Amino acid sequence: MKKQLFAAAIAALACVSAQADTIAKVKSAGAITMGVRDSSGALSYTLGDGKYAGFHYEICQRIIGNLEKAVGKKVEVKFQSVTSQNRIPLVQNGTVDIECGSTTNNAARQKDVAFVVTTYVEEVRIATKVASGITSIAQLTGKNVATTTGTTSVQLLRKHERANGVNFNEVFGKDHADSFLLLDSGRADAFVMDGSILAGNIANAKNPADFRIVGEVLAVEPIAIMIRKDDPAFKKLADDTVRDLVKSGEMNKLWDKWFLQPIPPKNVKIGLALSESTKAAWANLNDKPAEDYAKK
């Protein structure tokens, strides 16, 4: 019996080990599964009919291009729409090989998954309707504040020094589009989220001029592409891809393409300038968690 249990344990460990070797897995299967978001602003979003686009989506396509060189053949790219709630489990259990959305790299998540070097540094802000007159955290008392289930945004709002004594009601959307709909429909008075996601949803609203991003910056967070933990070969390939994009100047071109030029499907312009925080991250590429940024 002990021998059987030992054999089962060894088999389980071998399975986990094989699962963590993404390059070998992709070479064997001839396919890779990319985790994508339906409404994460210009970072990752759906075009409909199973097609996706965005800044992180395109960076992941470059990573996959180098992966194909490593395995010596063209691979099929499968798409798996993920949410804030299921993205980490789906990477952990091998369903998703690389998650190309809008995930904050923090210390807690690093216990479960790994992150490619930071490609985007986000400012968490608040979106409101212009007609509401809300322009600061202090005005949220008694209001309904929307955020997306599984994200860190409301916790950041509650911890902000200017939120002392401010009591608001939390309402949750299942994804970012749903959270913005809560604001648009009047079921929420504010939507707290990453600035790029707020800007992207506003740009795609029926009447973008009805909304604005207001208030204090709640936090500065590194956003990165997520992969499985303990897979050094794939992490190096992905990290090196990002480094090459930065070094060649291609990363700046991708930013211009997705944040400063009209993007499909509606040919709207997000209009989000490259921040000093993101420039600094590119100048010193690393996978440090959000807690390191908070120390500054």
Side-chain angles (χ1 to χ4, degrees), residues 8-38 40 43-44 52 54-120 122 150-152 221-245 281 285-292:
I10 293 296
L13 286 172
C15 181
V16 171
S17 177
Q19 187 184 76
D21 189 347
T22 303
I23 296 176
K25 176 186 175 185
V26 171
K27 186 174 183 178
S28 174
I32 186 169
T33 300
M34 182 194 298
V36 284
R37 298 297 295 268
D38 287 344
S40 282
L43 293 175
S44 177
Y52 293 85
F55 180 68
H56 269 170
Y57 170 87
E58 188 158 350
I59 292 173
C60 280
Q61 292 282 24
R62 306 298 180 92
I63 293 171
I64 292 170
N66 284 335
L67 177 61
E68 288 178 329
K69 293 176 184 177
V71 301
K73 62 181 178 181
K74 189 78 174 174
V75 302
E76 179 187 1
V77 181
K78 300 178 180 179
F79 301 114
Q80 172 69 54
S81 177
V82 300
T83 66
S84 299
Q85 305 100 293
N86 68 18
R87 55 190 169 180
I88 290 175
L90 289 177
V91 170
Q92 285 181 293
N93 69 20
T95 301
V96 167
D97 298 304
I98 183 167
E99 192 262 346
C100 312
S102 54
T103 303
T104 298
N105 174 1
N106 62 32
R109 288 170 176 167
Q110 283 192 2
K111 295 177 182 178
D112 299 319
V113 294
F115 291 90
V116 178
V117 290
T118 298
T119 42
Y120 177 74
E122 184 64 271
T151 64
T152 59
E221 298 187 333
I223 309 297
I225 291 162
M226 184 167 55
I227 59 177
R228 276 186 292 282
K229 196 173 176 65
D230 300 324
D231 191 353
F234 187 47
K235 177 164 167 54
K236 183 179 187 304
L237 185 149
D239 286 347
D240 287 348
T241 301
V242 172
R243 289 192 176 94
D244 289 344
L245 288 172
L285 288 166
N286 62 79
D287 59 2
K288 294 178 180 177
E291 288 76 4
D292 282 39

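This structure is a prediction, so every number in the text was calculated from the model and none was measured.
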Atom pair [atom1] ([X]) and [atom2] ([Y]), whose distance is rounded to the nearest 0.5 Å:
X	Y	atom1	atom2	value
I225	Y120	CD1	OH	14.0 Å
K235	D230	NZ	CG	11.5 Å
K78	I32	NZ	CD1	11.5 Å

* Evaluate the criterion side-chain contact (heavy atoms from CB on, under 4.5 Å) for residue pair M226 and V96; output intermediate values, then yes/no. => CA-CA 10 Å; M226 184 167 55; V96 167; over 6 Å; no
Do [X] and [Y] come close enough that some side-chain heavy atom pair is under 4.5 Å?
X	Y	answer
F234	R228	no
R37	L43	no
L67	I23	yes
E122	T104	no

* Just grab all the side-chain hydrogen bond (donor to acceptor under 3.5 Å, both in side chains) pairs involving residues 56-70, residues at least two apart or on different chains. =>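 Residue pairs passing side-chain hydrogen bond (donor to acceptor under 3.5 Å, both in side chains), neighbours aside: H56-T119, Y57-Q61, E58-R62, E58-K257, E58-W258, R62-E250, N66-T241.
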* Identify the heavy atoms of P289 and P222 that sit nearest to each other, and give their distance. =>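 Shortest heavy-atom separation between P289 and P222 comes out as C-CG, 3.9 Å.
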* Structure fact -> Closest non-hydrogen contact found for A70 with L237 is CB-CD1, 3.9 Å
* Structure fact -> Residue set satisfying side chain to side chain donor-acceptor pair (under 3.5 Å) with S28, at least two apart, ordered chain then number -> none
* To do: With sequence neighbours left out, write down each residue that passes side chain to side chain donor-acceptor pair (under 3.5 Å) with K236, or none if nothing qualifies.
  =>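 Only D240 meet the side chain to side chain donor-acceptor pair (under 3.5 Å) criterion with K236.
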* Look at the rings of F79 and Y52 and say which category their plane angle falls in: under 30° parallel, 30 to 60° tilted, over 60° perpendicular. => tilted
* **Neighbour count >12 (heavy atoms, 6.0 Å) for atom NZ, K27** => no
* To do: Take D112 and K229 through the test salt bridge (Lys or Arg N to Asp or Glu O under 4.0 Å) and record every step on the way to the result.
  => CA-CA 7 Å; D112 299 319; K229 196 173 176 65; over 6 Å; no
Check: [X] side chain, [Y] main-chain N or O, donor-acceptor pair, under 3.5 Å:
X	Y	answer
N105	D287	yes
D97	T33	yes
D239	V117	yes
K25	G94	yes

* **All side-chain contact (heavy atoms from CB on, under 4.5 Å) counterparts of N86, not counting sequence neighbours** =>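 By the side-chain contact (heavy atoms from CB on, under 4.5 Å) rule, N86 matches V82, T83, L90.
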* Looking at residues at least two apart in the chain, or sitting in another chain, which of them share a side-chain contact (heavy atoms from CB on, under 4.5 Å) with A281? -> T118, V121, Y293
* To do: Sequence neighbours left out, what pairs pass disulfide bond (SG atoms under 2.5 Å apart) with at least one residue falling in residues 55-106?
  => C60-C100
Using distance alone, with no hydrogens and no angle criterion, decide if [X] and [Y] have a side-chain donor and acceptor under 3.5 Å apart.
X	Y	answer
D38	S81	yes
R87	T103	yes
T95	N93	yes

* Asked: Is there a side-chain contact (heavy atoms from CB on, under 4.5 Å) between T22 and I227 once you walk through the steps?
  -> CA-CA 9 Å; T22 303; I227 59 177; over 6 Å; no
